[in-house]
2 protein chains.
Amino acid sequence: MASPIPATRTAVPPWMPRPASRGSASQLAVLQKGSSKESFSDFYEGLSEEAGKALQKIEHTVSFPAGAIIFMEGHPARGVYILRQGRAKLLTTNSDGRTMILKIATPGEALGLNSVITGKPYDLTAEILEPAELAFIPRADFFRCITEHGDACMHFASLLSRDCHLAYDLVRSIGLCHSVPERLARFLLEWSTNGSVTDGVVRVKLALTHEEIAQLIGTSRETVTRTLSEFKKQRAIELNGSTLVLRNKPALESLVAA
Amino acid sequence: MASPIPATRTAVPPWMPRPASRGSASQLAVLQKGSSKESFSDFYEGLSEEAGKALQKIEHTVSFPAGAIIFMEGHPARGVYILRQGRAKLLTTNSDGRTMILKIATPGEALGLNSVITGKPYDLTAEILEPAELAFIPRADFFRCITEHGDACMHFASLLSRDCHLAYDLVRSIGLCHSVPERLARFLLEWSTNGSVTDGVVRVKLALTHEEIAQLIGTSRETVTRTLSEFKKQRAIELNGSTLVLRNKPALESLVAA
DNA sequence: ATCTGTGCGTGATCTACATCACTGTCTTTT
DNA sequence: AAAAGACAGTGATGTAGATCACGCACAGAT
């Protein structure tokens, strides 16, 4: 029951996670920060070695196809998911199908942490954007583990603090700056922080549909299309395929400052 | 630098807290839940006795007049404040003076917790609404205390989780339901949960200005005035002085459901 | 008695954006 | 190869609500 099921991208029923591997030795590599870029809101980053190991013994990894729903707003919180590979969007939907994306999660990130801690149902929906791999830690095990490892708790408190902070930022953005151009510019600038600088301009994969951008900044798909072309016309940005090039970053920044 | 100083309500310069008492025996009464209503996001509620006592030994109480700023967005996080008496608003302001209220804090509530934990500057401003008394716990002491008392950390993690949840609710509200009547109805219903039921109708002190309501639901003062009169005309609500009476609760609920 | 500040009530405008309704690509499926 | 979905681009249109600009009431100061 509850909210309508968001459209998926694949014909395959994606809801069921497909088991991939059981966590243990193989996962430990992550502690050595072998893999992807180290986001500093990383689930394991900064955790003590014992606590980390304990958790990794519990977790077990599953993969999901694009479009899969990991968990859904309103459903009981079974446990925490840690995104290992791929990206996911955290969103909320209201009764008439309108959707707002709160955040695009990247590898390392914990999903559903706050719901697991309060014990209330998930307050957001997590949907996979591109084929992904996640580690799952059941609620009960998670609790057992963090009560045994005192230091871990502090770590998770700080992850939660960051989530709060981010949510406040979002409120500021959608509640305070009323014009779409400003919000879009803000978003592009924020997004491009993950990009690389070549020849003085920032390049970054903008692997999102206009619809998704619209849901991130709280506007309609059409308005995103129009505002993006406006930016292109003003030579502030350029779009080669799905690569975004910030031709004139200051121009965007001036929109935000206003 | 930083944001403009919000207007205050008193002629007296309210910025400086006036010391009132040093926490110790007198404060312990709170543990016995002697005072006000017990909000379940209460700072001390659910904390172990030792941890509670330890914290209360550290804290020291200050009073503030209405309009006082406890801390300001962007300023370094000195410590946590616990609201003992009175109410405070947590708000954020953007460069052109527009303000959004995230929450009205009531006694028991912790202010600035997430910033203290991340160690970043306060991400919100806290302003006193009516003469209030607060307990202050300096950041360093707070940390010392929670590392000594493992269980406390879990407690604070759950407070943070609640804050996240609330923030998500707000995003949903301002980002998803586009009509002001709906947001206002939602707000009134939410607000009236603190009210008392007499003769089948809910009565509650709506101790907020239209301006403040506007900043809570993300609209303009004038629109609040107009929408409230609309509600009155439809006999959904009644306003006697600052007492709000929900004459026709279902009517409001139907607006929200849509 | 007057002045000043703060909050409320209302009318008249103006516009940014949502919404609807298409068309044109480009994948993916079959 | 054909059909079916996704996505993107673009015009026309309507309207909710921001904004400006008042007047009024009431509280505290002096």
Side-chain angles (χ1 to χ4, degrees), chain A residues 6-14 65-67 94 96-100 127 129-131 174-185 206-233 237 239-244 255 258, chain B residues 6-12 14 65-67 94 96-100 127 129-130 174-185 206-233 237 239-244 255 258:
Chain A
T8 57
R9 330 190 143 198
T10 55
V12 196
N94 74 351
D96 45 70
R98 210 191 276 282
T99 292
M100 179 101 217
E127 181 183 338
L129 276 175
E130 55 205 41
I174 58 176
L176 247 34
C177 40
H178 270 156
S179 100
V180 169
E182 183 178 349
R183 294 206 299 274
L184 183 57
L206 181 59
L208 292 169
T209 67
H210 289 187
E211 177 92 52
E212 283 162 340
I213 299 175
Q215 295 170 345
L216 274 161
I217 66 175
T219 184
S220 69
R221 191 221 100 214
E222 293 92 327
T223 305
V224 169
T225 306
R226 284 190 248 266
T227 314
L228 278 177
S229 350
E230 189 54 34
F231 285 175
K232 276 187 258 179
K233 200 180 301 167
I237 66 168
L239 275 165
N240 306 320
S242 97
T243 317
L244 169 72
L255 279 178
Chain B
T8 56
R9 326 187 146 201
T10 54
V12 197
N94 74 352
D96 44 71
R98 213 191 273 281
T99 292
M100 178 101 217
E127 180 184 337
L129 277 174
E130 55 206 40
I174 58 176
L176 247 32
C177 41
H178 270 154
S179 100
V180 168
E182 182 178 350
R183 294 206 299 274
L184 183 56
L206 180 60
L208 293 169
T209 68
H210 289 186
E211 178 91 51
E212 282 162 341
I213 298 175
Q215 293 170 346
L216 273 161
I217 66 175
T219 184
S220 68
R221 191 221 100 213
E222 293 92 326
T223 305
V224 169
T225 307
R226 285 190 246 266
T227 313
L228 278 177
S229 352
E230 191 53 34
F231 286 175
K232 277 187 257 180
K233 202 181 298 167
I237 65 167
L239 276 165
N240 306 320
S242 97
T243 318
L244 168 72
L255 279 179

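Chain A is the first sequence line, chain B the second, and so forth, proteins listed ahead of strands; every chain is numbered from 1.
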Ile213(A) side chain reached by Leu206(A) side chain, heavy atoms, under 4.5 Å:
yes

Tell me: CG of Leu206(B) to P of dC8(C), nearest whole Å?
9 Å

Nucleotide dA16(C), atom P - distance to CD1 of Ile174(A) in whole Å
21 Å

Rounded to whole Å, please give me the gap between CD in Glu230(B) and C1' in dT10(C).
13 Å

Taking CG from Leu208(B) and C1' from dT6(C), how many angstroms apart are they, rounded to a whole number?
15 Å

Interatomic distance, Leu129(B) CG vs dT6(C) P [rounded to whole Å]:
15 Å

Heavy-atom closest pair, residues Gly175(A) and Ile174(B):
CA-CD1, 3.9 Å

Got a list of protein N/O to nucleotides 16-22 of chain D N/O distances below 3.5 Å?
| residue | atom | partner | partner atom | Å |
| --- | --- | --- | --- | --- |
| dG17(D) | OP1 | His178(B) | O | 3.2 |
| dG17(D) | OP1 | Val180(B) | N | 2.8 |
| dA18(D) | OP1 | Thr219(B) | OG1 | 3.1 |
| dA18(D) | OP2 | Thr219(B) | OG1 | 2.8 |
| dA18(D) | OP2 | Ser220(B) | N | 3.2 |
| dA18(D) | OP2 | Ser220(B) | OG | 2.8 |
| dA18(D) | OP2 | Thr223(B) | OG1 | 2.7 |
| dT19(D) | OP1 | Arg98(B) | NH2 | 2.8 |
| dT19(D) | O4 | Arg226(B) | NH2 | 3.0 |
| dC20(D) | N4 | Glu222(B) | OE2 | 3.3 |

Heavy atoms of Leu228(A) and Leu239(A) approach each other most closely as CD1-CD1, 4.5 Å

Closest contact, heavy atoms only, Ile217(A) versus Met100(A)
C-CE, 4.4 Å

Would you say the side chain of Leu208(B) lies within less than 4.5 Å of the side chain of Leu216(B), judging by non-hydrogen atoms?
yes

Leu184(A) has an atom CG; how far is it from atom P of dA18(C), in whole Å?
12 Å

Reported CG-to-CD distance for the pair Leu184(B) and Glu230(B), which is rounded to 0.5 angstrom:
11.0 Å

Are Glu212(B) and Leu129(B) close enough that some pair of their side-chain heavy atoms sits under 4.5 Å apart?
yes

Looking only at non-hydrogen atoms, find the nearest pair between Thr223(B) and Ser220(B) and report the distance.
OG1-OG, 2.9 Å

Five pairs per end, C1' atoms only: what is the angle between the end axes of the helix from dA1(C)-dT30(D) to dT30(C)-dA1(D), to 10 degrees?
40°

Nearest-Å distance, CD1 (Ile213(B)) to P (dG9(C))?
10 Å

Using only atom types and a distance under 3.5 Å, with no angle test, would you say the side chain of Arg183(B) pairs donor to acceptor with the backbone of Cys177(B)?
yes

Specify the separation, in whole Å, of atom CD of Glu182(A) and atom P of dA16(C).
14 Å

